[in-house]
S.K.: 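I have a structure I would like to understand better, so I am pasting it below and will then ask my questions one at a time.
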Amino acid sequence: MRWFSLLRVNLQKEYIELVRYLPNTIATVFTFYIIFLGMFLGIQVVGDPSTQELNTQYVIVNNLFWFLTMSTINKVGWQVTNESMRGTLEQLSMSPMGIWRIMTARLIASTVINFIILIVLLYLSMFTTGQWLNIDLLSILPILLITLVSMYGLGFIIAGISMVLKQVDAFLQILQFILAGLAFVPVTVAPIISYFPFVKGLDLVRSVMIHGVTLSQISVTDYGILIGNAIIYFVLGIAFFMFCERIAMKRGLLAHY
Amino acid sequence: MSKENIVEVQNVSKTYKKRRQKEFVQAVNNISFDVKKGEILGLLGPNGAGKTSTIKMICGLLIPDEGTILINGRDNQKNRLETLRDISAVLEGNRNLYWRLTVRENLEYFAGNRGMDKKGVAQTIDELLVQFRLRDKENELVNRLSRGMQQKLAIAVAMMADSQVLLLDEPTLGLDVETGYEVRELLKEIVNNQERTIIISSHDMAVVEDLCDRVIIINHGRIVTDDHVDNLLRLFAVRSYTITLGQLLSDQQLQLIKKAFPHLEYIPDTTQAIIKVDFDQDHEIYDLFELLKMNKTPVESIEQGTINFEQVFMRIIKGEEAHALV
């Protein structure tokens with residue numbers, strides 16, 4: 001029940017901000033759409049005509065995943081920084097639920113609400129390019145849910161760093177390009193990145209949406225990496241976040257005002 | 001642990017490292033005090049005295065270098081989340097709020113983050129909105145409220161938790177006289193109508209004098225005074241005198257008196273003079289009269305001084321008096 005209350009108010013807050021600041025929301029969708037258009041036109045102009053269709057489909061999925069990582073992982077970093085400067089982080093830290101539970105609720109709420117934007121962006125991209133991807137929800141959703149767990153782990157690491165470091169803005173700026181790199185570089189080019197959070201999940205989602213792969217066609221090894229990544233990064237993320245919280249409480253960094 | 005004590009601060013110290021320097025600042029230096037259930041305690045001290053650090057350590061937001069803090073008998077570091085159920089705080093007033101949410105949304109959001117369910121808190125929110133005179137502003141965005149209203153909302157958010165201990169760090173800081181008075185009256189209502197333990201840190205002496213049973217004065221991270229407000233006022237008042245003399249003092253006499261009472265204030269007029277003096281010890285008044293008797297200086301009147309809490313505070317801080325409750 002307490003978890004439910006936590007999730008409910010955070011969902012409510014995300015929704016209120018999405019609707020109340022609609023111009024901001026539209027601007028976000030527009031920015032990612034413009035970036036997508038730039039890439040799409042690039043493929044049209046300088047891309048190999050024989051792989052043009054496939055490349056466009058890759059760009060649609062990669063761009064969506066980049067948006068998802070930005071709106072969860074990067075956003076939680078900015079939120080922690082802003083809230084420690086405002087003074088609300090201290091107030092949240094006084095909750096008997098514990099700040100890590102509040103952060104988990106926020107990450108989930110943020111993902112749920114951003115899915116609305118994600119769907120808009122997906123259909124807008126497919127409509128613009130005329131490339132209609134395989135939206136097999138029964139295959140996509142389980143992979144996506146497991147992938148999100150590893151993504152949250154990374155979100156916790158970023159939140160922890162943002163809590164301890166006062167001037168984290170530059171790092172967060174760089175992080176968006178690192179996330180773009182992880183979202184756009186194919187696993188076939190650098191297989192090692194499969195072990196990075198969310199990359200294996202993205203690869204599998206691409207396989208479903210572009211090549212029509214189903215859950216039964218995915219290998220045990222791929223499932224192993226997907227689930228292993230989720231568990232390891234989530235546990236690591238929470239442990240690191242709690243470690244950072246302890247440092248912040250020792251040094252008096254929960255408020256930066 | 002005494003059964004009556006709800007907060008026990010035991011030999012607590014805290015040091016901060018200065019940014020980009022090797023120097024350390026001792027914010028709190030081995031302080032100990034207890035707060036009884038239902039007591040209203042004032043924490044006073046100049047800027048940088050260690051009040052906010054003390055409050056944050058009680059809240060569990062800052063880990064002490066040494067010492068322990070018990071809330072209801074439980075160590076607030078070892079049982080952090082459990083002890084947080086008994087505590088709520090207003091640390092930075094209006095900064096503790098989400099400015100892009102409305103008044104009601106803020107109350108609902110913080111309640112939900114404490115794990116409280118919507119139905120259970122709906123009535124409490126309504127009551128708080130009435131009590132804090134924010135009912136007609138419940139759907140107003142916080143960034144459109146006046147500073148005073150934001151401050152009232154921050155206190156309402158802390159009250160929402162329905163905790164046994166409420167900590168208020170500078171509840172009237174930055175408010176104009178009228179709003180400061182309004183917040184003070186509101187706090188009085190809370191103090192009078194509820195059985196919460198309240199710890200208030202403030203620069204506003206009127207707040208402390210009006211609301212607190214007991215006051216702890218901190219300076220340079222140490223407790224300088226720990227006594228009841230009434231005791232302090234009485235103690236300082238009985239030692240403060242204004243004496244009107246029927247003639248002026250001679251230079252030699254004035255020199256001798258100034259030597260014995262360096263802080264004495266001598267105000268000569270054409271034919272009369274006034275002496276204002278505070279005695280550290282009761283018997284010192286006789287020493288002064290001995291010196292006045294030398295030239296048979298006539299004493300026309302003796303008035304025992306009236307003193308407000310601000311003067312008491314200033315005298316303590318200046319080191320004129322260090323009185324501790326035994």
Side-chain angles (χ1 to χ4, degrees), chain A residues 1-22 24-25 79 82-106 109 163 165-167 242-243 245-257, chain B residues 14-17 19-20 27 52-53 55-65 77 79-102 105-121 141 154 157-158 161 163 167 169:
Chain A
M1 195 64 193
R2 296 171 73 204
W3 262 106
F4 177 74
S5 296
L6 197 59
L7 196 58
R8 181 183 52 77
V9 289
N10 281 288
L11 265 170
Q12 197 178 353
K13 182 172 174 283
E14 284 290 328
Y15 177 73
I16 288 167
E17 286 178 352
L18 179 94
V19 174
R20 192 165 291 157
Y21 300 97
L22 202 59
N24 283 0
T25 312
Q79 275 184 343
N82 290 339
E83 296 215 15
S84 66
M85 285 198 289
R86 277 217 51 79
T88 42
L89 187 66
E90 276 189 332
Q91 206 52 239
L92 293 179
S93 302
M94 286 199 63
S95 162
M97 293 295 286
I99 189 84
W100 75 268
R101 288 192 183 90
I102 295 174
M103 284 296 156
T104 308
R106 276 195 174 184
M163 199 185 274
L165 298 180
K166 282 193 176 184
Q167 284 154 346
M242 285 178 153
F243 172 71
E245 188 190 6
R246 189 101 190 133
I247 292 176
M249 289 201 299
K250 268 189 183 167
R251 296 186 191 163
L253 299 173
L254 285 176
H256 289 179
Y257 41 78
Chain B
K14 184 73 197 172
T15 305
Y16 296 105
K17 187 176 174 290
R19 279 187 78 193
R20 296 194 186 96
T52 300
S53 293
I55 284 201
K56 285 188 179 179
M57 285 191 282
I58 296 172
C59 291
L61 294 172
L62 195 59
I63 301 175
D65 298 334
Q77 285 305 320
N79 309 282
R80 189 165 175 268
L81 297 185
E82 286 89 339
T83 54
L84 283 176
R85 286 198 192 110
D86 298 333
I87 281 189
S88 59
V90 179
L91 295 170
E92 282 291 324
N94 62 348
R95 297 185 71 126
N96 288 167
L97 303 168
Y98 289 94
W99 287 32
R100 297 169 106 187
L101 296 181
T102 66
E105 285 162 0
N106 263 282
L107 288 162
E108 285 176 351
Y109 184 66
F110 282 108
N113 274 317
R114 287 185 77 95
M116 299 158 92
D117 81 301
K118 195 178 182 178
K119 279 184 188 167
V121 297
L141 289 178
V157 165
S163 59
L167 292 113
D169 192 14

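Scope of the values below: all heavy atoms of this structure, side chains included, with no hydrogens, waters or symmetry mates. Within every chain, numbering begins at 1; the chains are lettered A, B, ... in the order of the sequence lines, protein sequences first and strands thereafter. All of these numbers come straight from a predicted model, not from anything done at the bench.
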S.K.: Using heavy-atom distances under 4.5 Å, tell me whether A:F4 contacts chain B through its side chain, its backbone, both, or neither.
M.R.: neither
S.K.: Taking every non-hydrogen pair under 4.5 Å, which of B:K17, B:M57, B:E82, B:E105 racks up the most with chain A?
M.R.: B:E105
S.K.: Who among B:L81, B:N113, B:L62 has the most heavy-atom pairs with chain A under 4.5 Å?
M.R.: B:N113
S.K.: Could you grab the distance from atom CG of B:L91 to atom OG1 of A:T88, nearest 0.5 Å is fine?
M.R.: 11.5 Å
S.K.: How close do B:R85 and A:P96 get, heavy atom to heavy atom, and via which atoms?
M.R.: CG-CB, 3.6 Å
S.K.: Shortest non-hydrogen contact from A:E90 to B:L61?
M.R.: O-CD2, 3.7 Å
S.K.: Between B:L141 and chain A, which part of the residue has a heavy atom less than 4.5 Å away: side chain, backbone, both or neither?
M.R.: side chain
S.K.: Is the number of heavy atoms from other residues, nucleotides or ligands within 6.0 Å of OH (A:Y21) greater than 12?
M.R.: yes
S.K.: Can any side-chain N or O of A:Q91 pair as donor or acceptor with the backbone N or O of B:V90 at less than 3.5 Å?
M.R.: no
S.K.: Kindly give the heavy-atom pair with the smallest separation between A:A255 and B:K56, and that separation in Å.
M.R.: CB-NZ, 4.3 Å
S.K.: At a 4.5 Å cut-off on heavy atoms, which part of B:A154 comes close to chain A: side chain, backbone, both, or neither?
M.R.: neither
S.K.: If you count heavy-atom pairs under 4.5 Å between each of A:L7, A:V9, A:L6 and chain B, which one has the most?
M.R.: A:V9
S.K.: Chain A heavy atoms under 4.5 Å from B:Y16: which part of the residue, side chain, backbone, both or neither?
M.R.: side chain
S.K.: Quick check on the interface: out of A:M97, A:R251, A:M94, A:R101, who has the most heavy-atom pairs with chain B under 4.5 Å?
M.R.: A:M94
S.K.: Do A:R20 and B:R100 have side chains that approach each other closer than 4.5 Å (heavy atoms only, starting at C-beta)?
M.R.: no
S.K.: Just distance, no hydrogens or angles: give the donor-acceptor pairs under 3.5 Å from side chains in residues 12-19 of chain A, sequence neighbours left out.
M.R.:
| from | atom 1 | to | atom 2 | distance (Å) |
| --- | --- | --- | --- | --- |
| A:E14 | OE1 | A:K75 | NZ | 2.8 |
| A:E14 | OE2 | A:K75 | NZ | 3.3 |

S.K.: Side chain, backbone, both or neither: which part of B:S88 has a heavy atom under 4.5 Å from chain A?
M.R.: backbone
S.K.: For B:R95 and A:M85, indicate whether the former's side chain and the latter's backbone hold a donor-acceptor pair under 3.5 Å.
M.R.: yes
S.K.: For B:Y109 and A:L92, work out which heavy atoms get closest and say how close.
M.R.: CE2-CD2, 4.2 Å
S.K.: Give the C-alpha distance, both sets of side-chain angles, the deciding distance and a yes or no for side-chain contact (heavy atoms from CB on, under 4.5 Å) between B:Y98 and A:E83.
M.R.: CA-CA 9 Å; B:Y98 289 94; A:E83 296 215 15; 2.6 Å; yes
S.K.: Between B:K14 (side chain only) and A:K250 (backbone N and O only), is there a donor and an acceptor less than 3.5 Å apart?
M.R.: yes
S.K.: Find the distance between CE (B:M116) and OG (A:S95) and round it off to the nearest 0.5 Å.
M.R.: 10.5 Å
